[in-house]
Amino acid sequence: LVHRTEIGDRVAAARTMTELARSMLTGRQAERVLAMLDAAVPTFADLAPDPAFVGLEAQHARAAFLRDEHRRSLEIVERVLEASERGDLRAILADALVTKGSGLAAIGRIREGMGVIETGERLALAEGRTSTVLRGLNNRLNDLADFDPRAYRDAVLDGLAVARRVGDRAWMLQFLLLSGFGAYAVGEWDEALDRWQAVLAEDPEPGDRLVPLFGVVSVRSARGEPVP
């Protein structure tokens with residue numbers, strides 16, 4: 001990034017910063033990314049509507065969403081949607097739709113938000129952007145369980161299948177965990193136990209063991225069975 005900036009290739013610098021932001025957001029560093037992009041985005045604004053800048057703003061919107069600045073995220077993402085639609089930037093458009101839908105759901109426009117996310121998922125699937133598909137599914141699941149537990153279970157299994165197909169261990173563990181809750185919600189307790197125990201068998205990080213272990217303990221306690 002420093003090298004590209006020093007040689008004056010600002011388009012390449014914006015692309016590099018976009019990839020850095022995406023990687024850091026995946027690594028749960030939203031606070032750092034938001035601060036970084038708050039400072040950086042205005043310095044690249046003259047590049048608009050170049051895809052390098054549109055992609056950078058898409059990550060800015062995502063970072064704001066992850067820091068619970070939902071209305072600000074929605075304001076940013078509207079610019080991204082307009083630019084990506086006009087420029088036929090389909091991968092960015094799909095990603096931005098997922099961000100927008102997630103933001104709408106977060107401010108209480110839940111059904112509308114889920115619909116927007118699903119549109120982003122379909123576009124991402126058509127473009128082969130599995131990471132966006134998985135992010136969309138994960139975000140949509142936050143609310144789907146409240147409306148339709150069986151649809152929630154089906155969507156989780158779809159996400160698990162995609163994660164396994166592309167070999168993404170982090171997403172596989174996430175959807176395996178959620179599939180336990182999906183099974184539990186429709187009364188399939190044996191299946192839920194199997195899913196949570198499968199997560200634990202993958203030897204996740206200590207902090208990531210707490211939720212599946214809680215699930216196992218809850219079901220076994222309810223049944224009067226020994227708790228590990």
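Sequence positions, counted from 1, serve as the residue numbers for this chain. All values reported here derive from a predicted model rather than from experimental measurement.
- To the nearest 0.5 Å, the span separating CG on Leu74 from CZ on Arg71 amounts to 7.5 Å.
- Lys100 contributes atom NZ, which lies 14.0 Å from atom CZ of Phe65 (distance to the nearest 0.5 angstrom).
- Between Leu123 and Glu127 the shortest side-chain heavy-atom distance falls below 4.5 Å.
- Looking at Glu205 and Arg209, their side chains never come closer than 4.5 Å, going by heavy atoms from C-beta outward.
- Linking ILVMFWY side-chain heavy atoms closer than 4.5 Å, directly or via other members, places Tyr184 and Leu176 in a single hydrophobic cluster.
- Leu144 contributes atom CG, which lies 10.0 Å from atom CD1 of Ile117 (distance to the nearest 0.5 angstrom).
- Expressed to the nearest 0.5 Å, how far CE of Met24 lies from CE of Met17 amounts to 9.5 Å.
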Donor-acceptor list for residues 50-57 side chains, cut-off 3.5 Å, not counting sequence neighbours:
from  : atom 1 : to    : atom 2 : distance (Å)
Asp50 : OD1    : Ala52 : N      : 2.8
Glu57 : OE2    : Arg79 : NE     : 3.2
Glu57 : OE2    : Arg79 : NH2    : 2.8

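- Counting only distance, with no hydrogens or angles, the side chain of Ser84 and the backbone of Leu81 share a donor-acceptor pair below 3.5 Å.
- Side chains of Glu188 and Arg153 form a contact here, defined as non-hydrogen atoms less than 4.5 Å apart.
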Side chains of residues 30-49: which donor-acceptor pairs under 3.5 Å do they make with residues two or more places apart or in other chains?
from  : atom 1 : to    : atom 2 : distance (Å)
Arg32 : NH1    : Gln29 : OE1    : 2.6
Asp38 : OD1    : His60 : NE2    : 2.8
Asp38 : OD1    : Arg72 : NH1    : 3.3
Asp38 : OD1    : Arg72 : NH2    : 2.5
Thr43 : OG1    : Ala40 : O      : 2.6
Asp46 : OD1    : Arg10 : NH2    : 2.9
Asp46 : OD2    : Arg10 : NH1    : 3.0

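- Side-chain N or O atoms of Ser73 include none that pairs as donor or acceptor with a backbone N or O of Glu69 at under 3.5 Å.
- Val98 and Leu25 fall into different hydrophobic clusters, where Ile, Leu, Val, Met, Phe, Trp and Tyr residues are linked whenever their side-chain heavy atoms come under 4.5 Å apart, directly or through other members.
- Between Ala91 and Arg129, the shortest heavy-atom distance links the atoms CB-NE, 3.4 Å.
- To the nearest 0.5 Å, the span separating OG on Ser179 from CG on Asp154 amounts to 12.0 Å.
- A salt bridge does not link Arg150 to Asp148: none of the charged nitrogens lies less than 4.0 Å from a carboxylate oxygen.
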Please list every donor-acceptor pair under 3.5 Å in which a side-chain atom of residues 105-114 meets a protein atom from a residue at least two apart or in another chain.
from   : atom 1 : to     : atom 2 : distance (Å)
Arg109 : NE     : Glu112 : OE1    : 2.8
Arg109 : NH2    : Glu112 : OE1    : 3.1
Arg109 : NH2    : Glu112 : OE2    : 2.9

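- Nearest heavy-atom pair across Val80 and Ala96 is CG1-CB, 3.7 Å.
- Among pairs with a residue in residues 122-173, those fulfilling ring-ring contact (aromatic ring centres under 6.0 Å, His included) read Trp171-Phe175, at least two apart in sequence or across chains.
- What you find for Ala183 and Ala192 is that their closest heavy atoms are CB-N, 3.7 Å.
- Within 6.0 Å of CZ in Arg28 there are 12 or fewer heavy atoms belonging to other residues, nucleotides or ligands.
- Between Arg164 and Val162, the closest side-chain pair of non-hydrogen atoms is not below 4.5 Å.
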Enumerate, atom names and distances included, each donor-acceptor pair closer than 3.5 Å involving a side-chain atom of residues 133-141, sequence neighbours excluded.
from   : atom 1 : to     : atom 2 : distance (Å)
Arg135 : NH2    : Asp95  : O      : 2.9
Arg135 : NH2    : Asp95  : OD1    : 2.8
Arg135 : NH2    : Thr99  : OG1    : 3.0
Asn138 : OD1    : Gln174 : NE2    : 2.8
Asn139 : ND2    : Ser102 : OG     : 2.9
Arg140 : NE     : Glu121 : OE2    : 2.7
Arg140 : NH2    : Glu121 : OE1    : 2.9
Arg140 : NH2    : Glu121 : OE2    : 3.3

>> Does Met172 form a side chain to side chain contact (heavy atoms under 4.5 Å, CB included) with Asp168? I'd like the steps, not just the answer.
In response: CA-CA 6 Å; Met172 187 272 289; Asp168 191 314; 6.0 Å; no
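- In this structure, Ser23 contributes its side chain and Glu19 its backbone to no donor-acceptor pair below 3.5 Å.
- Summarising the local packing, CZ of Arg122 is surrounded by more than 12 heavy atoms from other residues, nucleotides or ligands at distances under 6.0 Å.
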In a table with atom names and distances, give each donor-acceptor pair under 3.5 Å that connects a side chain of residues 193-204 to protein atoms at least two apart or in another chain.
from   : atom 1 : to     : atom 2 : distance (Å)
Trp196 : NE1    : Leu177 : O      : 3.2

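- Screening Ile92, Val116, Val77 for a side-chain contact (heavy atoms from CB on, under 4.5 Å) with Leu97, the sole residue that qualifies is Val116.
- Within a 6.0 Å sphere centred on CD of Glu225, heavy atoms belonging to other residues, nucleotides or ligands number more than 12.
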